[in-house]
Amino acid sequence: MKFERLPDHVAIVMDGNGRWAKMRNLPRLAGHNAGMKALKEIVKRSSTLGIRHLTVYAFSTENWRRPSEEVGGIFKILVQYVDKELGELHENNVKVSVLGNYKKLPEDAVKKLEEALRKTKDNSGLQFHIALNYGSRDEILQAVKGVARDVAAGNLAESELTEAVFSQYLFTKDIPDPDLVIRTSGEVRLSNFLLWQSAYSEFVFSEVYWPDFTPERYEEAIAEYAKRARRFGGVK
Ligand code: FPP
């Protein structure tokens with residue numbers, strides 16, 4: 001598809017893996033596995049379309065409440081994903097980054113992620129941001145603490161604190177705000193994802209469960225975005 005306007009940054013809440021599995025009488029982890037396959041295709045399509053930034057919500061600060069087998073299984077899938085895909089991501093000039101306090105993840109996952117960060121750090125194609133152990137309120141709170149520390153230390157004056165300066169204290173520093181936020185599975189909420197950053201984002205909600213979110217559906221969401229007029233609070 002050809003688009004009149006391409007979002008610079010797309011952020012996705014990959015929801016519905018569990019229900020996808022349940023519908024098929026499969027364990028929830030089978031849903032996450034299918035979700036990983038869907039993600040592979042969306043990353044590839046983002047690259048070919050020429051999207052600059054793709055952020056996916058892979059694990060939230062709230063997801064630790066799930067049964068430990070599911071939590072452990074998701075990280076195993078993450079390790080498998082990096083194992084299988086890192087070569088191709090690198091060949092496609094994709095730069096991987098992580099948003100969130102990922103050092104709290106199991107050791108093998110931390111190691112794998114750091115390998116991906118290291119290997120792709122100089123790539124100039126799609127910037128692929130994986131939100132892991134990410135929560136927006138936690139992110140904002142950590143940023144406020146950082147600001148407070150810098151003010152107390154005399155490194156920052158209150159009068160210098162602008163929105164742009166504050167943004168530099170977030171995990172997303174140097175990443176433009178998302179133009180388009182997509183959530184799958186028919187749920188219509190943000191769930192603690194990019195609260196500050198999505199102040200002016202366009203939202204597209206898809207009824208399909210994440211494993212069924214094909215590149216064609218993705219392009220439909222982008223086409224929907226392209227149709228919308230963005231005014232940023234002004235008039236056209
Ligand atoms: C939401 O579906 C999905 C998650 C919490 C995990 C997302 C994980 C993947 C797509 C697996 C691979 C990740 C990477 C980075 C390779 P849900 O379980 O909340 O679904 P439900 O609402 O139907 O139960």
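We count ligands from 1, going down the list as the structure has it; atoms in each ligand are counted the same way.
The contact set between ligand 1 and Ala58, taken as ligand atoms under 4.0 Å from a residue heavy atom, comprises 6 (C), 7 (C), 8 (C), 15 (C). Near Asn63, with a cut-off below 4.0 Å to any heavy atom, the atoms of ligand 1 are 5 (C).
A donor and an acceptor atom, one from each side chain of Thr120 and His90, are nowhere located under 3.5 Å apart. Trp64 and Asn133 share a donor-acceptor pair across their side chains, judged by distance under 3.5 Å alone. For Trp196 and Ser167, the side-chain atoms include at least one donor-acceptor pair closer than 3.5 Å. Residues Asp150 and Tyr169 have side chains that bring a donor and an acceptor to within less than 3.5 angstrom of each other.
The protein heavy-atom contact nearest to atom 19 (O) of ligand 1 is Arg66 NH2, 2.8 Å. When hydrogens are left out, the protein atom nearest atom 20 (O) of ligand 1 is Gly18 N, 3.0 Å; that is the closest non-hydrogen contact. With hydrogens left out, the protein atom closest to atom 9 (C) of ligand 1 is Asn17 ND2, 3.8 Å, a heavy atom. Ranking protein heavy atoms by distance to atom 1 (C) of ligand 1, first place goes to Met14 O, 3.1 Å. Looking at atom 15 (C) of ligand 1, its nearest protein heavy atom turns out to be Leu78 CD1, 3.5 Å.
The shortest separation from a heavy atom of Ser185 to ligand 1 is not under 4.0 Å, leaving the residue out of contact. Within the 4.0 Å heavy-atom cutoff, Arg28 counts among the residues contacting ligand 1.
Distances from atom 21 (P) of ligand 1 to the heavy atoms of Met23, Arg19, Lys37, His32 put Arg19 nearest.
Not a single N or O atom of Trp210, backbone or side chain, sits closer than 3.5 Å to an N or O atom of ligand 1. Residue-to-ligand polar distances keep Tyr57 apart from ligand 1: every N/O pair is separated by 3.5 Å or more. Between Tyr81 and ligand 1, no pair of N/O atoms sits closer than 3.5 Å.
Around the NZ atom of Lys40, the shell of radius 6.0 Å holds more than 12 heavy atoms that belong to other residues, nucleotides or ligands. Around CD of Glu216, the count of heavy atoms belonging to other residues, nucleotides or ligands within 6.0 Å exceeds 12.
The existence of a salt bridge linking Lys111 and Glu107 is confirmed by a sub-4.0 Å separation between a basic side-chain nitrogen and an acidic carboxylate oxygen.
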Name every donor-acceptor pair, under 3.5 Å, that has one atom in a side chain of residues 55-62 and the other anywhere in the protein, sequence neighbours excluded.
unit_1: Thr55; atom_1: OG1; unit_2: His9; atom_2: NE2; d: 2.7
unit_1: Tyr57; atom_1: OH; unit_2: Tyr134; atom_2: O; d: 3.3
unit_1: Tyr57; atom_1: OH; unit_2: Ser191; atom_2: O; d: 3.2
unit_1: Tyr57; atom_1: OH; unit_2: Asn192; atom_2: O; d: 3.3
unit_1: Ser60; atom_1: OG; unit_2: Glu62; atom_2: N; d: 3.1
unit_1: Ser60; atom_1: OG; unit_2: Asn63; atom_2: N; d: 3.1
unit_1: Ser60; atom_1: OG; unit_2: Asn63; atom_2: OD1; d: 3.3
unit_1: Glu62; atom_1: OE2; unit_2: Asn192; atom_2: ND2; d: 3.3

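In this structure, the side chain of Ser201 engages the main chain of Pro178 through a donor-acceptor pair within 3.5 Å.
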